[in-house]
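Step one of this worksheet: look at the structure below.
Quick caveat: nothing in here was measured; it's all calculated off a predicted structure.
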Amino acid sequence: MGVLRCPSGVSDDPSGDRCITDCRAGDSKFASRAKKMCLSARWTRRAPTMDAGEMPPTPTARRKRVGIELRKMREAAGRTAGDAAAVLGLDRSKITLIEQGAYPISAERVLALASEYEEADAAYVDAVAEMAADRTKGWWEEHRGLVPAGILEISEVEHYARVLVTYQICHAPGLMQTEETARAIFREVHPPLRPLNIEARVENRMRRAELLTGGDPLEYEAIVHEAALRMEFGGAAVAREQLKQLLVLSEAPNVTLRVLEFKAGGFKGAGHAVLYASGPVPRLDTVQLDSVGSPAFLTEMNQLENYRHIIGAMRDRALDPSASRDVISSIMNSM
C-alpha cells in the first residue's frame, strides 16, 4: 500500500516522522475512524522525541499489551516485521521495539497496521488503538522505585479493567485487605523489606482498593478458600478485623464474595492465586498469576479460555454469597 500523508498535517510519531495513515483512502475499512482520530487532539498529541542514545521511557502495562496485540495480528496475517516496517515507513528494529512495548505507537498507526493485516474485528481494533492513544500517567507511577514494577503493572491492569475476578487460597483478596493485614503480609516477604518499602506497598494496596468503594465502583468477584479465612496474619485481632471487612464489602452491590470450604475437596486451580481482569473486549482480557519473583501476565486466547473454565468450575463448588457470609461470621466468632 502506498504511504500517504495525513490531511491534518499531524506529526505524532516519536521518531519525528509524520503520520502515514491514509485517512482519505476510500477503500480502507478503517479510513473513516482513522480520519476522525487524526483530526482529534486527543488522538494526535505528539509524543516526546528521544535524543540519540536516550533510552525509551519505561513501558507501561498498556503499551506492552498494545505491542503484544500488534504482534498477534501480524503473525495471524502471516506478515513479517519487515512488512510492518514498510507500511509505517520505519526501520524494522523499531517494529520489534513497538511489539515489545519498549516504544510507543500512535492510534493512527495501530489502525494502519490493522488494516494491512486485514483484522476484521473492528471493536477489538478500536480498543487497541485507544490503548495506544492513552499516554496519561496513572497514580501508581508515584510508587515507581519503591515497589516492584510488577505491582505497578497489576495496579494499571486493575485500573483499566471492566470486571475483576480473583480466587485466593491463602490470603484475603488484595483489594479487600485491611491496612494491618496488608502490612502483616508484606512483613513476611523474603528477603525482608525495609520499613519504607513496606509502607509504600501498603499505600499502593490501599489506593488499589479504592476501585471497590470509589464513585464509580468496579464489578468485583472473589472466590476465597476457607484456608485464607483462617490464616491469622498479624494475630487474632487483625484477623478478626479482616473478616469483618470481608463481611462489610461483601454487602456492596458491586462485590460478590464466595467461600470455597475445606469439605469441597480438591478443585482445579488449587495451587495458586489468580486475578482475571476483563478488558474492553474479551480478546483484551488479562490473567495475572502470583509468583515469588514478579507477577506473570497471560494474554493468549487459549490461556484466557483455560482460566475462564477454571474459575467457572471453582465458582460451581463454592458457596453462594449468603452462605459464604455465614461461614465468615462463624469463623470470626470462633477467634
Side-chain angles (χ1 to χ4, degrees), residues 12-14 30 33 37 42-43 45 47 56-77 79 81 84 88 90 94-117 119-141 144 148-166 208 211 218 274-291 294-308:
D12 69 339
D13 178 60
F30 297 108
R33 293 201 299 282
M37 292 176 183
R42 173 170 172 256
W43 293 83
R45 187 177 296 112
T58 303
T60 64
R62 281 164 74 77
R63 184 182 300 165
K64 289 180 180 179
R65 189 59 183 270
V66 168
I68 288 170
E69 298 307 319
L70 288 174
R71 174 186 54 78
K72 289 180 185 177
M73 288 188 219
R74 178 177 60 76
E75 292 177 348
R79 310 302 292 273
L88 300 185
L90 300 176
K94 191 155 304 177
I95 298 298
T96 300
L97 291 174
I98 289 170
E99 292 184 351
Q100 291 174 345
Y103 202 80
I105 182 172
S106 69
E108 296 85 5
R109 289 189 161 183
V110 169
L111 294 176
L113 289 174
S115 180
E116 181 69 16
Y117 300 152
E119 173 55 60
D121 188 340
Y124 164 62
V125 172
D126 284 345
V128 176
E130 186 169 356
M131 290 171 68
D134 186 356
R135 306 286 176 86
T136 57
K137 288 188 176 181
W139 60 263
W140 48 88
E141 291 296 335
R144 191 168 295 280
I151 291 180
L152 301 185
E153 289 196 42
I154 294 172
S155 305
E156 186 177 352
V157 168
E158 290 174 339
H159 177 80
Y160 286 104
R162 305 298 174 91
V163 178
L164 291 176
V165 180
T166 185
R208 288 163 53 198
L211 287 171
L218 185 68
V274 164
L275 176 71
Y276 192 103
S278 297
V281 295
R283 290 170 69 176
L284 293 178
D285 291 356
T286 302
V287 168
Q288 178 254 312
L289 307 179
D290 284 344
S291 66
S294 59
F297 297 90
L298 309 181
T299 60
E300 298 297 329
M301 283 304 297
N302 64 327
Q303 295 170 328
L304 298 176
E305 287 290 347
N306 285 341
Y307 277 95
R308 289 181 193 130

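- Between atom CG of residue Leu289 and atom CG of residue Leu275 there is a gap of 9.5 Å, rounded to the nearest 0.5 Å.
- Rounded to the nearest 0.5 Å, atoms CG (Leu218) and CZ (Arg208) are 12.0 Å apart.
- With a 4.5 Å cut-off on side-chain heavy atoms, Gln100 and Ile68 do not count as touching.
- Listed by first then second residue, pairs satisfying salt bridge (Lys or Arg N to Asp or Glu O under 4.0 Å) with a partner in residues 95-106 read Arg74-Glu99, not counting sequence neighbours.
- Heavy atoms only, all atoms of each residue included: Leu298 and Leu304 are closest at O-CD2, 3.9 Å.
- Side-chain atoms of Ile105 and Leu88, non-hydrogen and from C-beta on, do get closer than 4.5 Å to each other.
- Annotation: side chain of Glu153 is in contact with side chain of Lys64 (closest heavy-atom distance under 4.5 Å).
- A 4.5 Å side-chain heavy-atom check between Glu158 and Leu211 finds at least one atom pair inside the cut-off.
- Scanning both residues, Val66 and Ala132, for their nearest heavy atoms gives CG2-N, 3.7 Å.
- Pairing each heavy atom of Leu111 with each of Ala129, the nearest pair is CD2-CB, 4.1 Å.
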Run Asp134 and Tyr160 through side chain to side chain donor-acceptor pair (under 3.5 Å) and show every step you take. CA-CA 11 Å; Asp134 186 356; Tyr160 286 104; 2.9 Å; yes

Let's go through Met73 and Tyr124 carefully: what are the C-alpha distance in whole Å and the side-chain angles of both, what is the deciding distance for side chain to side chain contact (heavy atoms under 4.5 Å, CB included) to 0.1 Å, and is it a yes or a no? CA-CA 11 Å; Met73 288 188 219; Tyr124 164 62; 3.8 Å; yes

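- Distance check: Arg79 CZ to Glu116 CD gives 4.5 Å after rounding to the nearest 0.5 Å.
- Contact between Thr299 and Gln303 at its shortest, heavy atoms only, is N-OE1, 3.4 Å.
- Considering CZ of Arg109 and CG of Leu70, their distance stands at 12.0 Å, rounded to 0.5 Å.
- Atom CG of Leu113 and atom CD1 of Ile98 lie 7.5 Å apart (nearest 0.5 Å).
- Summarising the geometry of Gly101 relative to Arg63, their closest heavy-atom pair is O-CD, 3.1 Å, with the distance given to 0.1 Å.
- Residues Trp140 and His159 bring their aromatic ring centres within 6.0 Å.
- Between Glu300 and Arg71, at least one side-chain N (NZ, or NE/NH1/NH2) sits under 4.0 Å from a carboxylate O, which counts as a salt bridge.
- Between Arg65 and Thr286, the side chains place a donor N or O and an acceptor N or O closer than 3.5 Å (distance only, hydrogens not considered).
- Shortest non-hydrogen contact noted between Gly279 and Asp285 is N-OD1, 2.8 Å.
- Within the model, atoms CZ of Arg135 and OG1 of Thr60 stand 9.5 Å from one another, a figure rounded to the nearest 0.5 Å.
- If you run salt bridge (Lys or Arg N to Asp or Glu O under 4.0 Å) between Arg283 and each of Glu119, Glu69, Glu305, only Glu119 comes through.
- A side-chain donor-acceptor contact under 3.5 Å links Tyr276 and Arg308.
- When side chains are defined from C-beta on, Val287 counts as touching Val274, because their heavy atoms get closer than 4.5 Å.
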